[in-house]
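The structure under discussion appears below in the form of structure tokens.
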Amino acid sequence: MKALGLHLGVLLTLALAGLLLPDYHQGMLTRVLVMAVFATGYNLAFGYTGLLSLGHALHFSAGMMAAGLAMRDGMAPEAALPLGALAGTVSAALTGILALRTKGVSFMIVTLMFAQAFYLTLLYFGAFTGGDEGFPLPGSARQMFGLDLTQPGPRFTVALLLFGIALLVQAALVRGRFGRSMVAIRENEERSRMLGYNPFTIKLTALTLSGLYAGVAGAAYGLLFGYVGAGFGTTQYSILPMLYVLLGGAGTTLGPLLGAGLMAWLIDAASSLTEASLAIIGAVLIALVVFAPKGILGTIRERGAKWLP
Amino acid sequence: MTLLSRRSVLAGLAAGSALSLAPMRFASAQSAAPIKLGFQVHRTGIGASYGRWYERVANAAATRMNDMGGINGRPVELVFEDDGTDPKRGAEVVDKLVSQHGVDLIFGSLFSHVVIGSAPRAGELKVPYLPCSEGYHVASGMLNRWCLQPGISDVRSQVTAMAPWVMQNLGKKVTMVFPDYAFGHDHRDYFSEAVAAQGGEVIAKIGIPPTETSFTRYFPQIPAETEVLYHVMVGPSVLTFVKELGEFYGAGSGPQIFGFIDSLEGVDLASPGLEFLEGSHFWEGHCRHKQPDAPAWEADYRAAVGVDDNGASLADPKDVATYAHMFSVWETLSTIKKGMEAAGYQSTADRQKFVEAVEAMTSFDAGLDHVQGAKVFNGKTHQVFSTQFISKVEAGKLTRVHTTSIEESLYPDAVDYTAQSF
């Protein structure tokens, strides 16, 4: 009950922030919410199931490309968004079947390679996909359920709605039986196997769900901000959700949002201060690993707030 | 009848004159405020070597403009934001420059994916967006009415203009080596088309993936009957690319080599391993080495941007400028001034008038405002067209051997932005 209250409180605060923040920060928050959907999905795989994937850019860009290309060919956003979700889900399921034959470092490398192969494929078929240059989605096509997604208000509303669903579904999932079996696999795969669980099925399901989140986030990013490009398939976009989750707290429901938000404002502030903004961000991440290896919310939970979801 | 007291009349007069003066004070305060121009700069990421020089040129151009009295009598202030050469950050930077810094317009972006990623946001915010890129993305109709490229010609017009000279002077059987992504594909497609129109043939097209750091294994794919090897490469590994090309051909005889200076932009021609380039040819947007017949304003431009006669920084001869491209920043600022003055630009409410004023332009005269040379501007496609230079490496320097005409660089319009609504 306490957890549900916290989640609803956070969503309410976000809604208020959307109303009160000045234009620029409202726009930032919109981007953060979409990236937080991506990171929340990553948290399901990494934070709860212990699957350290370095290939989530594949699912994000698959979702973005599927929705973007379909919209370029005239599909309505109402259909393109679910198509993007489907693309992320299928890409995660297919690569998962193969990649989950491996563990640990090998899993990281295999997922990284799949993502890289997909990125290069997007470039190779540049005449169709727009390659590295990508393509813009015209404003006239970005109208969904009567909402004009080129306008900041509707855009924020859709982003908040998607994040709200992502957060509440995650919270329900990880408190349920399936969520506990995911954690069991993370903590001790052999023991959960001995108890009669099938680790492969559970890991594949978690990874596929994670791909669904990534696909939704990718499709939404293209739809809301009007640009689709292979650049979103680079390794950087596999690393980002991992950093968000590590910063906010792996295995906490709100960690991905906190991480995505902190990172966005940190990059923004640091790049205004100095050309060496990446050095500042690097220093913060090193400090995090040294002083709070479980991330911000993970550390708070460890140091007293045991109830924190 | 009640007479007004002297005190109340004086108070009324004072209040009245204060009220009547207030708008004037406001108007004069507004017109003296600086015009803020946002600059999307590639300070980090793959475009950093270009970004560094673009920033220097922008500052030099703004200083010159302010020395001349600014724009519409108002000083020019530049606001730089790093986009990391990343399209996602690029769009965020557009937001930041407009909503946070309140700039009047944005210019300066070079890499195509950043331009294409940022343009939709500029269109939504209804802010003029003037890239200094080379990509065929403005004139192809991919962007929107708020995007204009008055500072540099695009790849399509560059390669179209040069193909006849290459065919007539170097050979008709061409092998192309290019980066296997959109920028390279523009070269591949439009140069092939222009070569075919001249009766030549591209006999092999070798695309190199952007993740490649060593190129040796691609060179054996170059057919032996190749008469002209056409190369273009961008990014941090350009020097490796050119060096390995030299190692491949060694001292023996190879085909004629024709390259885009992009392959060597910001790189010292005297770098060890580049000796084989002696006698080869390059496209240059603007001649790196000062030519004997350089126009009078060339020396002033070089002094202003801090570049010596060899195209390197006055402060450090090893710091070679991205000279063939960076004039676009200088010239774009000149066009911004002309456009704002023609539109009677006062505030951000006049942004649309500014775009319409630039659309009405047709040509730019060569001079200190347009240092690269005279230009033709197409208001419908929002793209400028210019002469192109072909230079030969002689004694380690680039000597211009041919100048194409503007007419050679023209191609049919693909879009009419003026038919689009704002």
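Side chains are part of it too, since the values below use all heavy atoms of this structure and drop only hydrogens, waters and symmetry mates. Chain A is the first sequence line, chain B the second, and so forth, proteins listed ahead of strands; every chain is numbered from 1.
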Under 4.5 Å to a heavy atom of chain B? For L123(A) that would be both

Electrostatic pair K96(B):D82(B) at N-O distance under 4.0 angstrom
no

May I ask you to say whether D83(B) pairs ionically with R43(B), meaning some side-chain N is under 4.0 Å from a carboxylate O?
no

Winner by heavy-atom pair count (cut-off under 4.5 Å) against chain B, out of Y119(A), Y227(A), F135(A):
Y227(A)

With chain A as the partner chain, list the residues of residues 116-129 of chain B whose heavy atoms fall under 4.5 Å from it, by residue number, and write 'none' if nothing qualifies.
I116(B), G117(B), P120(B), R121(B), E124(B)

Under the rule for ring-ring contact (aromatic ring centres under 6.0 Å, His included), what residues qualify as partners of Y221(A), not counting sequence neighbours?
F225(A), F232(A)

Side-chain atoms of residues 65-80 of chain A: list all donor-acceptor pairs with protein atoms under 3.5 Å, sequence neighbours left out, distances to 0.1 Å.
residue : atom : partner : partner atom : Å
R72(A)  : NH1  : F128(A) : O            : 3.1
R72(A)  : NH2  : F128(A) : O            : 2.6
E78(A)  : OE2  : F145(A) : N            : 2.7

Side chains of H325(B) and T322(B): donor-acceptor distance under 3.5 Å anywhere?
no

Passing option when H101(B) is tested against K36(B), E81(B), E77(B) for side chain to side chain donor-acceptor pair (under 3.5 Å)
E81(B)

Is there a donor in the side chain of Y230(B) and an acceptor in the side chain of H187(B), or the other way round, less than 3.5 Å apart?
yes

May I ask you to check whether H137(B) and E133(A) show a side-chain donor-acceptor distance below 3.5 Å?
no

Worked check of side chain to side chain contact (heavy atoms under 4.5 Å, CB included) between I281(A) and I267(A):
CA-CA 7 Å; I281(A) 292 153; I267(A) 289 174; 3.4 Å; yes

Heavy-atom contact with chain A under 4.5 Å, split by part of D86(B)
side chain

If one checks every heavy atom of E92(B) against chain A at 4.5 Å, the contacting part turns out to be both

Between Y218(B) and E212(B), is the side-chain hydrogen bond (donor to acceptor under 3.5 Å, both in side chains) condition met? List the steps.
CA-CA 10 Å; Y218(B) 293 95; E212(B) 206 60 273; 2.4 Å; yes

Taking only Lys NZ, Arg NE, NH1 and NH2, and the carboxylate oxygens of Asp or Glu, determine whether E356(B) and R351(B) approach each other closer than 4.0 Å.
no

Is any residue of residues 235-244 of chain A within less than 4.5 Å of chain B by heavy atoms, and which ones?
Q236(A), Y237(A)

